[in-house]
Protein chains: 2
Amino acid sequence: MKIGEIAERVGVSTDTLRYYEKRGLIRSDRHTNGYRDFHKDVAERVRQIRLAQSLGFSLTEIEALLSTLDSTIPVDQLRQVLDEKLTEINQRISQLKQLRAAINLRLEQACPLNVPRG
Amino acid sequence: MKIGEIAERVGVSTDTLRYYEKRGLIRSDRHTNGYRDFHKDVAERVRQIRLAQSLGFSLTEIEALLSTLDSTIPVDQLRQVLDEKLTEINQRISQLKQLRAAINLRLEQACPLNVPRG
DNA sequence: CTTGACCTTAGAGTGCGCTCAAAGGTGTAG
DNA sequence: CTACACCTTTGAGCGCACTCTAAGGTCAAG
């Protein structure tokens with residue numbers, strides 16, 4: 001797939017895709033004319049990158065995680081790295097729940113009769 | 001409290017606190033000598049700002065949320081704004097769970113006998 | 001009365017993650 | 001052959017959230 005096709009599918013600019021490639025987050029082959037040729041799986045990969053980014057992970061962190069997932073390191077090492085990431089994600093979930101609780105609390109203060117949702 | 005005390009308590013720089021004040025996220029009185037005098041509640045407020053930031057919210061978003069929480073608008077308007085924010089937080093939680101599921105899946109592929117945690 | 005840790009301001013600089021501009025090559029339709 | 005949408009590269013520019021620099025004021029201890 002050409003760069004414009006991926007860009008339109010995922011909803012990012014072609015500049016962003018070239019930037020991600022330069023950073024090593026995605027890869028491409030080349031057509032004989034020099035155009036990039038992306039495997040269609042790249043679209044899903046970029047979606048995951050954008051998801052992780054929106055959740056507060058930096059490209060450097062995402063890069064590290066993806067390269068671990070891509071690597072052929074021993075399974076127990078992979079498990080260790082991913083377990084750490086899962087712990088981090090679980091922490092973030094509970095932090096978000098904290099934030100939610102704080103907002104609910106403020107809502108109850110303002111309006112004691114209402115029952116908080118969540 | 002002087003700016004350095006708040007900074008040390010929360011673990012941010014004094015520059016960051018001055019920046020937040022300029023942006024309107026926090027307030028201070030002044031001593032007669034010109035030094036800022038922060039109410040001690042500001043420490044907790046700054047902690048909440050850092051928490052929200054680490055979860056992917058921009059200062060502009062946080063500013064909007066905090067000014068709503070600070071305001072004396074009618075309760076039903078407040079409820080509406082906060083409900084929207086709660087919906088957003090719930091979405092983020094489920095996105096994080098998605099990310100966690102994706103990692104767990106990858107872990108199972110690498111190591112079929114293990115049971116995923118979460 | 002000086003040293004040193006704190007505070008003030010204005011304004012410049014930094015790193016991240018894009019985003020745009022310039023100058024040019026490719027490919028298809030009319 | 002021309003127009004036009006696509007692609008290429010290099011390098012500059014931008015907004016965000018700080019972070020640092022310069023030049024100076026405050027204040028308690030020795």
Side-chain angles (χ1 to χ4, degrees), chain A residues 1-40 42-67 88 92 95 99, chain B residues 1-40 42-67 88 92 95 99:
Chain A
M1 297 177 79
K2 283 193 288 183
I3 195 166
E5 292 174 71
I6 298 277
E8 204 194 352
R9 270 191 193 215
V10 183
V12 300
S13 71
T14 55
D15 279 331
T16 297
L17 293 176
R18 289 191 199 96
Y19 177 69
Y20 287 176
E21 188 176 19
K22 203 186 278 178
R23 300 256 329 220
L25 287 153
I26 56 177
R27 285 159 156 277
S28 70
D29 296 325
R30 294 285 172 143
H31 288 286
T32 47
N33 61 11
Y35 287 14
R36 286 173 181 79
D37 184 15
F38 290 98
H39 192 282
K40 69 183 191 316
V42 170
E44 187 50 33
R45 191 178 172 96
V46 175
R47 259 183 231 110
Q48 285 180 1
I49 293 169
R50 303 300 283 193
L51 174 63
Q53 261 185 306
S54 76
L55 296 169
F57 295 96
S58 71
L59 286 187
T60 304
E61 290 174 299
I62 294 166
E63 211 173 311
L65 179 59
L66 287 180
S67 73
E88 206 180 315
R92 279 187 199 225
Q95 284 177 340
L99 206 61
Chain B
M1 297 178 76
K2 283 193 289 183
I3 195 166
E5 293 174 68
I6 299 277
E8 204 194 350
R9 269 191 193 215
V10 183
V12 300
S13 71
T14 55
D15 279 332
T16 298
L17 293 176
R18 287 191 201 96
Y19 178 68
Y20 286 177
E21 188 177 18
K22 204 185 275 178
R23 299 255 331 217
L25 288 153
I26 56 177
R27 283 160 159 276
S28 69
D29 296 326
R30 293 286 171 141
H31 288 285
T32 48
N33 62 11
Y35 287 14
R36 285 174 182 78
D37 185 14
F38 289 99
H39 192 281
K40 68 181 193 318
V42 170
E44 187 49 34
R45 192 178 172 97
V46 174
R47 259 184 229 109
Q48 285 180 0
I49 293 170
R50 303 301 282 191
L51 175 63
Q53 261 185 309
S54 77
L55 295 169
F57 294 96
S58 71
L59 286 187
T60 304
E61 289 174 299
I62 295 167
E63 209 173 312
L65 178 58
L66 286 180
S67 72
E88 207 181 315
R92 279 188 199 224
Q95 284 177 341
L99 207 59

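Remember, it's a predicted structure, so these values are computed and weren't measured experimentally. All values below come from the heavy atoms of this structure, side chains included, with hydrogens, waters and symmetry mates left out.
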Base, sugar-phosphate alone, or nothing: which one does B:Arg18 contact when heavy atoms must sit under 4.0 Å apart? base
Euclidean distance, atom [atom1] of residue [X] to atom [atom2] of [N] [Å, nearest integer]:
X: B:Arg23; N: D:dT19; atom1: CZ; atom2: C1'; result: 16 Å
X: B:Tyr19; N: C:dG13; atom1: OH; atom2: P; result: 18 Å
X: B:His31; N: C:dT8; atom1: NE2; atom2: P; result: 9 Å
X: B:Glu61; N: D:dG15; atom1: CD; atom2: C1'; result: 15 Å
X: A:Asp29; N: D:dC7; atom1: CG; atom2: P; result: 16 Å
X: A:Asp15; N: D:dT8; atom1: CG; atom2: P; result: 11 Å
X: B:Glu21; N: C:dA10; atom1: CD; atom2: C1'; result: 15 Å
X: B:Leu17; N: D:dA17; atom1: CG; atom2: C1'; result: 13 Å

Verify the contact: side-chain N or O of B:Asn33 to OP1 or OP2 of D:dG25, cut-off strictly under 4.0 Å; return yes or no. no
Do any side-chain nitrogens or oxygens of A:Arg36 fall under 4.0 Å of OP1 or OP2 in D:dT9? yes
Does B:Val42 reach the side chain of B:Arg27, with side-chain heavy atoms less than 4.5 Å apart?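 Answer no - side chains too far apart.
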Are the side chains of A:Thr16 and A:Arg50 in touch, meaning some heavy atoms are under 4.5 Å apart?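 SC-SC contact between A:Thr16 and A:Arg50 confirmed.
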Result for 5'-nearest mapping on DNA chain D, choosing between B:Leu59 and A:Ile3, is A:Ile3
Taking for each residue the nucleotide of DNA chain D with the nearest heavy atom, is it B:Tyr35 or A:Asp37 whose nucleotide lies nearer the 5' end? A:Asp37
Nucleotide nearest [X] when distance is taken to its side chain, options [options]:
X: B:Thr16; options: C:dC7, C:dC18, D:dT19; value: D:dT19
X: A:Gln53; options: D:dA17, C:dG17, D:dT19; value: C:dG17
X: B:Thr14; options: C:dC7, D:dC18, C:dT19; value: C:dC7
X: A:Arg50; options: C:dC18, D:dC20, D:dA17; value: C:dC18

Strictly by modelled atom types, are B:Ser54 and A:Arg92 linked by a side-chain donor-acceptor pair under 3.5 Å?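 There is no such pair (donor and acceptor under 3.5 Å, judged by atom type) between the side chains of B:Ser54 and A:Arg92.
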Evaluate salt bridge (charged side-chain N to carboxylate O under 4.0 Å, His left out) for B:Glu21 paired with B:Arg18, printing each intermediate quantity in order. CA-CA 5 Å; B:Glu21 188 177 18; B:Arg18 287 191 201 96; over 6 Å; no
Step by step, would you call B:Tyr19 with B:Leu59 a side chain to side chain contact (heavy atoms under 4.5 Å, CB included)? CA-CA 11 Å; B:Tyr19 178 68; B:Leu59 286 187; 3.6 Å; yes
